[in-house]
Chemist: 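I am attaching a structure below and will ask some questions about it afterwards.
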2 protein chains.
Amino acid sequence: MLKLTKRTEYALTALSHMQSQGEGELTTAREISEKYSISFQLLSKILQHLSKENLIKPIQGAKGGYKLITDLTEISLWQFLEMMEGPLGLVDCIITSECQKMDGCVILSPIHKINKTVQNIFMNIPISDITN
Amino acid sequence: MLKLTKRTEYALTALSHMQSQGEGELTTAREISEKYSISFQLLSKILQHLSKENLIKPIQGAKGGYKLITDLTEISLWQFLEMMEGPLGLVDCIITSECQKMDGCVILSPIHKINKTVQNIFMNIPISDITN
DNA sequence: TTTATACAGGACTAAATGAGTCGTATTAGC
DNA sequence: GCTAATACGACTCATTTAGTCCTGTATAAA
């Protein structure tokens, strides 16, 4: 419970780095991977994923790299986590809407409420709070 | 991120069930395991763990079982989660206090703050909110 | 005193997830 | 054409979580 995946951690590090560069500046995967000692191949996939999600824009070829194309104040932590890790929920039945075994599940409703609480908080944290 | 382990989920279910019994009543692992379709062996271990943590008291022998011996309004969700899953933190370095690789880690301090936020909220949720 | 029922717990196996690697293809500047 | 960059499927390896097996101990009741 609660721990970010390395993917998420690396993605935030990368975004933070890119944001610290000047507006419209290019950054390469190699550069970030070396600066923060992150596996180059792994980081590459993560940046590709961020591209698919339109947070950054890839420029291919020599002299290529990635450019930050999103205002990170506009993206909430909740959105970002779901982007990186898929749907979030304290228990499976919140995510899939179907209770596997427990017929008369006694804890779902209160769990659901706590889930909402966390969601509300995370929806009000822009990831720029982390990357700045 | 965010998902409870089955251990935690089953523990909450068990506590909820025990609380719904009368004061000082005994409940067996078998009873709970059958009612909620939880593996008997697995649930047994969880109940043994709750005993070690002094939330419930085991009575051995025939006619034995477990008795709830704690006021669940006195135990916070944060405490309980750490009890069941060990130390909690968004990233490893919050838990172990040592940053593995990232020399100039750029995201630790804001992550730390978010961690605190969640911790504060969970410390103010008694698990009786879930088991009642 | 035997039997049945309950907890205790170590050691193991299986399944799922997460982290990381390999190899090859594509794109574009010089 | 060479070099430096992204793209990406397929794989391996490691870790964690979930669940099982087996044997032992305690105790109520017949």
Side-chain angles (χ1 to χ4, degrees), chain A residues 1-11 13-14 18 25-34 36-53 55-67 69 81 84-88 91-92 95-96 100-102, chain B residues 1-11 13-14 18 25-34 36-67 69 81 84-89 91-92 95-96 100-102:
Chain A
M1 145 121 239
L2 216 64
K3 198 147 79 202
L4 302 178
T5 62
K6 290 290 175 191
R7 270 171 61 85
T8 304
E9 204 180 312
Y10 296 161
T13 301
M18 295 178 79
E25 282 287 316
L26 283 190
T27 316
T28 66
R30 181 71 61 188
E31 185 184 332
I32 299 174
S33 116
E34 279 169 3
Y36 303 98
S37 310
I38 300 170
S39 148
F40 168 69
Q41 302 262 23
L42 183 52
L43 180 67
S44 294
K45 303 244 157 131
I46 293 167
L47 294 175
Q48 282 158 34
H49 184 72
L50 292 176
S51 298
K52 288 255 169 70
E53 298 282 354
L55 297 201
I56 61 182
K57 186 181 170 194
I59 316 281
Q60 283 205 329
K63 299 278 168 189
Y66 294 95
K67 196 196 303 189
I69 54 168
L81 288 171
M84 297 304 299
E85 308 184 6
L88 298 181
V91 288
D92 280 331
I95 296 167
T96 66
Q100 295 292 27
K101 11 169 94 176
M102 301 194 223
Chain B
M1 145 121 243
L2 216 63
K3 198 148 79 203
L4 303 178
T5 62
K6 290 291 175 191
R7 269 172 61 85
T8 304
E9 204 180 313
Y10 296 161
T13 301
M18 294 179 79
E25 281 288 316
L26 283 190
T27 316
T28 67
R30 181 71 61 187
E31 185 183 333
I32 298 174
S33 115
E34 278 169 3
Y36 302 98
S37 309
I38 300 170
S39 148
F40 168 70
Q41 304 263 21
L42 183 53
L43 179 66
S44 294
K45 303 247 155 126
I46 293 167
L47 294 175
Q48 280 159 34
H49 183 71
L50 292 177
S51 297
K52 288 255 169 68
E53 299 283 353
N54 292 309
L55 297 200
I56 61 182
K57 186 181 171 196
I59 316 280
Q60 282 205 329
K63 299 279 169 188
Y66 294 95
K67 196 195 305 188
I69 54 168
L81 288 171
M84 296 304 298
E85 309 185 5
L88 298 181
V91 289
D92 281 332
I95 297 167
T96 65
Q100 294 292 28
K101 10 170 91 174
M102 301 195 223

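Treat the numbers as computed from the prediction; the structure is a model and nothing was measured. Throughout, a chain's letter reflects where its sequence line sits, starting with A, and its residues are numbered from 1.
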Chemist: Whole Å only: how far is the NZ atom of B:Lys3 from the C1' atom of C:dG18?
Modeler: 13 Å
Chemist: What integer distance in Å separates A:Met1:CE from D:dT17:C1'?
Modeler: 16 Å
Chemist: Would you kindly give the OH-to-C1' distance between A:Tyr10 and C:dA19, to the nearest whole Å?
Modeler: 8 Å
Chemist: Between atom CD1 in B:Ile59 and atom C1' in C:dA8, what is the gap in whole Å?
Modeler: 14 Å
Chemist: Nearest whole angstrom, please: distance from the P of C:dC7 to the NZ of B:Lys67.
Modeler: 14 Å
Chemist: By nearest atom, which of the nucleotides D:dT6, C:dC7, C:dG20 is closest to the A:Thr28 side chain?
Modeler: D:dT6
Chemist: What's the verdict on side-chain contact (heavy atoms from CB on, under 4.5 Å) for B:Met84 and B:Leu50, showing C-alpha distance, side-chain angles and the deciding distance?
Modeler: CA-CA 8 Å; B:Met84 296 304 298; B:Leu50 292 177; 3.9 Å; yes
Chemist: A:Tyr66 side chain: which of C:dG20, C:dA6, D:dA7 is closest?
Modeler: D:dA7
Chemist: Closest approach to the side chain of B:Thr5, judged atom by atom: which nucleotide of C:dA19, D:dG19, D:dA18 is it?
Modeler: D:dA18
Chemist: Using whole Å, what does the distance between atom C1' of nucleotide D:dA18 and atom CG of B:Leu43 come to?
Modeler: 13 Å
Chemist: Would you compute the distance between atom OH of A:Tyr10 and atom CG of A:Leu47 and round it to the nearest 0.5 angstrom?
Modeler: 12.5 Å
Chemist: List the atom of A:Ala29, the atom of A:Phe40, and the distance in Å for their closest heavy-atom pair.
Modeler: CB-CE1, 3.7 Å
Chemist: For B:Ala14 and B:Ile32, work out which heavy atoms get closest and say how close.
Modeler: CB-CD1, 4.0 Å
Chemist: B:Arg7 near the nucleic acid: base, sugar-phosphate alone, or nothing, with a heavy-atom cut-off under 4.0 Å?
Modeler: sugar-phosphate
Chemist: Quick check on side chain to side chain contact (heavy atoms under 4.5 Å, CB included): which of A:Met18, A:His49, A:Gln48 does A:Ile56 satisfy it with?
Modeler: A:Met18
Chemist: Can you check whether B:Ser39 has a side-chain N or O nearer than 4.0 Å to OP1 or OP2 of D:dT20?
Modeler: yes
Chemist: Would you tabulate the pairs of protein nitrogen or oxygen atoms and nucleotide nitrogen or oxygen atoms of nucleotides 24-26 of chain D closer than 3.5 angstrom?
Modeler:
from: D:dA26; atom 1: O4'; to: B:Gln60; atom 2: OE1; distance (Å): 2.6

Chemist: Can you measure A:Lys57 atom NZ to D:dA7 atom P for me and round it to whole angstrom units?
Modeler: 12 Å
Chemist: Mind running side-chain contact (heavy atoms from CB on, under 4.5 Å) on A:Lys6 and B:Asp92 for me, showing each step along the way?
Modeler: CA-CA 10 Å; A:Lys6 290 290 175 191; B:Asp92 281 332; 4.0 Å; yes
Chemist: Would you mind reading off the distance between B:Phe40 atom CZ and D:dG19 atom P, rounded to a whole angstrom?
Modeler: 15 Å
Chemist: To the nearest 0.5 Å, what is the distance between OG1 on A:Thr28 and CD on A:Glu34?
Modeler: 8.0 Å
Chemist: For A:Val91 and B:Glu9, which heavy atoms make the closest approach, and how far apart are they?
Modeler: CG1-OE1, 3.7 Å
Chemist: Short of 4.0 Å, heavy atom to strand atom, which residues of residues 44-52 of chain A count as contacting DNA chain D?
Modeler: A:Lys45, A:Gln48, A:Lys52
Chemist: Do A:Thr8 and B:Met1 make a side-chain contact, defined as non-hydrogen atoms from C-beta onward lying under 4.5 Å apart?
Modeler: no
